[in-house]
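Working notes, structure below.
Proteins get letters first, then strands, A, B, ... in listed order; numbering begins at 1 in each. Quick caveat: nothing in here was measured; it's all calculated off a predicted structure.
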Amino acid sequence: MATQHSRSAARIMMAPAVFLLLVWMLVPLCMTLWFSFRDFRPLRGGDLGFAGIDNYIRFVSSSSFWPAVGTTLMIVGGVLLISIIFGVLLAILLDQPMWGQGIVRILVIAPFFVMPTVSALVWKNMFMDPVNGVFAHLWRFFGADPVVWLQDASVFSIVMIVSWQWLPFATLILLTAIQSLDSEQLEAAEMDGASPLARFGFITLPHLSRAITIVVLIQTIFLLAVFAEIFVTTGGAFGTRTLTYLIYQRVLESQNVGLGSAGGVYAIILANIVAIFLMRIVGKNLDK
Amino acid sequence: MSLKTALGATTALAICAAGTAAFADGHSPTITIATVNNGDMIRMQGYTDQFTEETGIAVEWVTLEENVLRQRVTTDITTNGGQFDIMTIGMYETPIWGANGWLVPLDNLSDEYNVDDILPAMANGLSHDGTLYAAPFYGESSMIMYRTDLMEEAGLEMPDAPTWEFIREAAAAMTDRENDINGICLRGKPGWGEGGAFITAMSNSFGARWFDMDWQAQFDTQPWRDTLTFFNDMMQESGPAGFATNGFNENLSLFQQGLCGMWIDATVAASFVTNPEDSEVADSVGFALAPDNGLGRRSNWLWAWALAIPAGTDQAEEALQFIEWATSTDYIELVAENEGWANVPPGARTSLYENPNYAEVPFAQMTLDSILSADPNNSTVEESPYVGVQFAAIPEFAGIATEVSQEFSAYYAGQQTLDEALENAQAITNEAMEAAGYQ
C-alpha cells in the first residue's frame, strides 16, 4: 500500500508530464477559442479586432455548413460499415489454417502502413483514372463505359480509399479477438447441429462485440478528421467537403482565420458529442 | 543494435551535422528557395551548382506542387515565418503582397541585368505602384494547340484567330468516340488556378465579369449563363470522359497520348507537346490564338511565375544575386546551349523574341502574340473594379474562386443544374465579399 510520502513523490514526478500534456492540448485549444472571437484575416493586415459571435453565426449559417456535416457523417458511417463487415469476414478467413498464413496476414495488414497521401494518389491515378486507370481498362474489357469515379461516385470513392486503409486495422483487432474464441464452444454447437450461420450469429458475433465497439470508437475519432484523401483526390469538390475540409478552406484558402477557428470549435463540439455517445455504448459493452 | 552503439552513432551524427552547419556558416551563405514542381523550375535546379560556383552562395530548394506551394508561401509571409529567402509566386500574389510591404522591392537590379528588357505585360503584372516586386522566371498566356492531321482529316483549316463557334464545330468534327479521340480537352477541374482560371478567361470573351463596380457578384447575369452553357455543351459533345476532373496535367497527358484534337491551355505547354520524347503527336501540332466572340476580348490569360524576396529575410543581397542569375539572358542562353532553344523559359524578356534562333521555334510567335493580346487592366468587356485576366487581384479571390469553381464542376458532372450552380456561386461570392467588408 502506498504511503503518503510515496504518493507525494509520484505526484511530483508525474507533474512535468502532466504539465506538458496540458500545455500541449490547452495552448492550441485556447488559441482556437481566442481567434474564433476575432476578425483575424492575415492578408488584410492580421487581427482586425473583436468580432463577437459573428464568426460563429457566419460559419453555421453559411450554405456550406450542413452539407459538410452530412458528408462527414456519411464518410465516417460508410467506412465504419465496410471496415466492420469486411473486417469480420477477413478475420474469420485469416483465422483458418492455410499455407503461407504469415505472409497473407502481413499483406492484408500492409495498407495500414501506407501514407494516406500516397494511397490516395495511387487510387486516383492508377485505379480510378477514367482513361488510363485499371478500373477503366477492366470496364472497357467487358464492353462497358468506364466510370468517372471521383466525379460520378465521389463520396463512395473516398469511402473506398479510406476503407482500404482502415480495413486492416479492424481486421487486426477482430482477428485477435477471434483467436481468443474457445473452439470447444463452436465444436459443441456443431455437434448439437447448429448451422454455420447460427454458430456465427450466436457465438462468434457476440464474442466479437467488444472488439467491434473498440474498432468503432477508435476509427470514428480518426475518421472525423479525414483530410489527405479528400485533398489529393477531389479537393473537396463533388460533394466531398467534410467539416475538416471546410475549416481548412476557410483558414488557408480564404485566409479567414477567425471564421475557420469558429468552425474548429464546432468540430470540437461535434467530436465530443460523438465521443460521449460512443463511450456510453463502449462502456456498456465493456461492462458486460 | 545495442543502446551503446545507437547512442554512439547518434552522437557522431550530431557532431557531423553541427560541423556541417558551422562550415556552412563560416564559408558559404545558404539561401532557401520555395518553388513549384514544373519542368522549367526543375531544370533550373539542375544548373544551380553553376550559380554556387560563381558566387559561393549555396542554394537549398523546397519544391512543391502548385497548390501546396501557394499555401506554404502565403502562410509563411502572413505569419512572418521566415522559412524562405526567395519565393516563387505569380501575378496574383505579387501586387497584393507588394502593397502590404511584404516583399523587397526590386529597384536596385544591376545594369547588366537590363530590367527594361522584361516584357511590359510581365513587368506591369509583377509591380505595384510602378515598383517591380518580383522578377519573371517565365511568362505565359494561353492559346490553342491543335492536331494539324486531325484538322486536315476533318477538312477544316484553323484560322490564326478563331471564334468560339468555329472551335465548337471543329471539335465536333474531330471527335471520334470509337477511337477515343476527343475533339477538345479543356480544364474543368475545381480550383481557382485550374478550371477557375480557364472559365474566368473564357467568360471575359463572353462579356462576363466577376464583380460590378460596387463589388457585387455577377453570376446572375446572362453572360455567365452563356459561358457555362456553351462550355458544358461543347465538352459534353466533344470532350473527354470526366472532363470535370481534368486540369493542366491531365489534359497534357491526354494530348500527348494523341487523344485530343484541340487543347486550349498555357503557352508553356507548347514545348511539352512538341517534344518527341514525351509526345506521340509532336510532329503534328499547330498553334492559334485563344478564341473570341467578336466582343473585343479573347479568352486567353496572362501569368508569370516569378521570383520574389520576402521582406523578413536577412539574406536579401544573396537572394537578389540568385534572382538576377536565374532570370537573366545569360541563364536563357545557358539552357539554350545545353537543351535547345525550344526549352528555354519563355515569355519573360523582349530580347528572346528578337533572337533569330528563338524565332525558329514553332510556337514562339504565337506565344508572344497571346501574351500581348491579354491586358490585365482591361480584361472584361464591361468595366470592372479589379485587375487581372483570369483572376481578380484581391486577397479574397483565391478562396472564393476555389469554391465557385467547385460549384461549376458539380454542374459539369451533372450533380446540379446550371441555375443551382449560378445561384450557389452568387451566394458564396456575396457572402465572402460581405464578410470581407466590400459590401
Side-chain angles (χ1 to χ4, degrees), chain A residues 39-46 48 51 54-55 58-59 61-64 67 117 121 124-125 128-133 136 139-140 145-155 157 231-241 245-246 248-260, chain B residues 65 67-68 70-72 74-75 77-80 93 96-97 100 102 180 182 188-192 194-195 240-247 250 253-254 257 259 394-403 405-410 412-416 423-424 427-428 431-432 434-437:
Chain A
D39 181 9
F40 190 69
R41 284 178 287 143
L43 285 174
R44 282 280 169 204
L48 304 174
D54 276 6
N55 289 325
R58 211 180 283 284
F59 193 89
S61 61
S62 126
S63 48
S64 319
T117 38
L121 277 172
K124 181 189 173 195
N125 295 323
M128 292 176 167
D129 186 277
V131 178
N132 297 312
W139 257 246
R140 275 195 219 102
D145 281 337
V147 178
V148 187
W149 291 95
L150 294 169
Q151 173 190 300
D152 296 341
S154 42
V155 174
S157 301
F231 180 77
V232 169
T233 52
T234 60
F238 309 115
T240 60
R241 184 165 46 195
Y245 205 90
L246 184 64
Y248 155 80
Q249 278 198 329
R250 293 291 175 265
V251 174
L252 276 159
E253 285 183 356
S254 302
Q255 286 283 311
N256 194 334
V257 179
L259 191 59
Chain B
E65 192 264 323
N67 289 336
V68 183
R70 282 191 172 124
Q71 280 148 25
R72 279 283 296 275
T74 306
T75 308
I77 202 104
T78 53
T79 57
N80 204 10
E93 295 90 352
I96 299 171
W97 295 7
N100 284 352
W102 293 341
D180 291 331
N182 308 287
K189 187 178 184 170
W192 79 271
E194 284 281 7
F243 70 90
T245 57
N246 288 352
E250 289 83 0
S253 168
L254 289 174
Q257 292 174 62
L259 304 179
I394 55 168
E396 290 75 18
F397 183 79
I400 297 172
T402 295
E403 288 191 47
S405 67
Q406 289 182 344
E407 296 298 329
F408 291 171
S409 296
Y412 311 148
Q415 291 178 351
Q416 62 181 352
E423 272 167 30
N424 293 343
I428 287 165
E431 262 173 34
E434 196 190 332

**OP:** Sort A:Ser64 into side chain, backbone, both or neither according to what part of it lies under 4.5 angstrom from a heavy atom of chain B.
**Re:** side chain

Original post:
So what's closer than 4.5 Å to chain A heavy atoms on B:Leu259: side chain, backbone, both or neither?
Top reply: side chain

**OP:** Please lay out, stage by stage, how B:Glu396 and A:Gln255 fare under the test side-chain contact (heavy atoms from CB on, under 4.5 Å).
**Re:** CA-CA 8 Å; B:Glu396 290 75 18; A:Gln255 286 283 311; over 6 Å; no

Original post:
Is a side-chain donor or acceptor of A:Gln151 paired with a backbone partner of B:Ser409 at a separation under 3.5 angstrom?
Top reply: no

Subject >> Nearest non-hydrogen partners of A:Ser63 and B:Ile428, listed with the distance >> reply: OG-CG1, 4.5 Å

Original post:
With a 4.5 angstrom heavy-atom cut-off, which part of B:Gln257 approaches chain A: side chain, backbone, both or neither?
Top reply: side chain

Original post:
So what's closer than 4.5 Å to chain A heavy atoms on B:Thr79: side chain, backbone, both or neither?
Top reply: neither

Original post:
Picking from A:Gly236, A:Ala136, A:Ser154, A:Ser61, which has the most non-hydrogen pairs under 4.5 angstrom with chain B?
Top reply: A:Gly236

Original post:
Atom CG of B:Asn100 and atom CG of A:Leu43: how far apart are they, to the nearest 0.5 Å?
Top reply: 7.5 Å

Original post:
Quick one: what part of B:Phe243 sits under 4.5 Å from any heavy atom of chain A, side chain, backbone, both or neither?
Top reply: backbone

Subject >> Evaluation steps, side-chain contact (heavy atoms from CB on, under 4.5 Å), between A:Val131 and B:Asp180 >> reply: CA-CA 9 Å; A:Val131 178; B:Asp180 291 331; over 6 Å; no

**OP:** Sort B:Ala401 into side chain, backbone, both or neither according to what part of it lies under 4.5 angstrom from a heavy atom of chain A.
**Re:** neither

**OP:** Measure B:Thr402 against the heavy atoms of chain A and call it side chain, backbone, both or neither at under 4.5 Å.
**Re:** side chain

Subject >> Considering all heavy atoms, the nearest B:Gln406-A:Gly235 contact >> reply: NE2-O, 2.7 Å

Original post:
So which heavy atom on B:Thr78 is nearest to which on A:Pro42, and how close?
Top reply: CB-CB, 3.4 Å

Original post:
At their closest point, which heavy atom of A:Phe238 faces which heavy atom of B:Ala244, and how far apart are they?
Top reply: CZ-O, 3.4 Å

Original post:
B:Trp192 versus chain A, heavy atoms under 4.5 Å apart: side chain, backbone, both or neither?
Top reply: neither

**OP:** Pick whichever of B:Gln71, B:Glu407, B:Glu434 has the most heavy-atom pairs under 4.5 Å with chain A.
**Re:** B:Gln71

Subject >> Separation between CG of A:Asn125 and OG of B:Ser253, rounded to the nearest 0.5 Å >> reply: 9.5 Å

Subject >> Leading residue by heavy atom contact count with chain A [cutoff under 4.5 Å; candidates B:Arg70, B:Lys189, B:Glu403] >> reply: B:Glu403

Subject >> Structural part of B:Glu250 lying under 4.5 Å from a heavy atom of chain A >> reply: side chain

Subject >> Smallest separation among heavy atoms of A:Arg41 and B:Ala436, with atom names >> reply: NH1-CA, 3.3 Å

Original post:
Measuring heavy-atom distances to chain A, does B:Ala432 have an atom under 4.5 Å in its side chain, in its backbone, in both, or in neither?
Top reply: neither

Original post:
Hey, mind stepping through A:Trp149 and B:Thr245 against side-chain contact (heavy atoms from CB on, under 4.5 Å) and telling me if it holds?
Top reply: CA-CA 10 Å; A:Trp149 291 95; B:Thr245 57; over 6 Å; no

Subject >> Top of B:Ala435, B:Ala410, B:Gly414 for chain A proximity - count of heavy-atom pairs under 4.5 angstrom >> reply: B:Ala435

Subject >> chain B contact via A:Asn132 - side chain, backbone, both or neither, heavy atoms under 4.5 Å >> reply: side chain

Subject >> Nearest atoms (heavy-atom pairs only) where B:Gln415 meets A:Gly239 >> reply: OE1-N, 4.4 Å

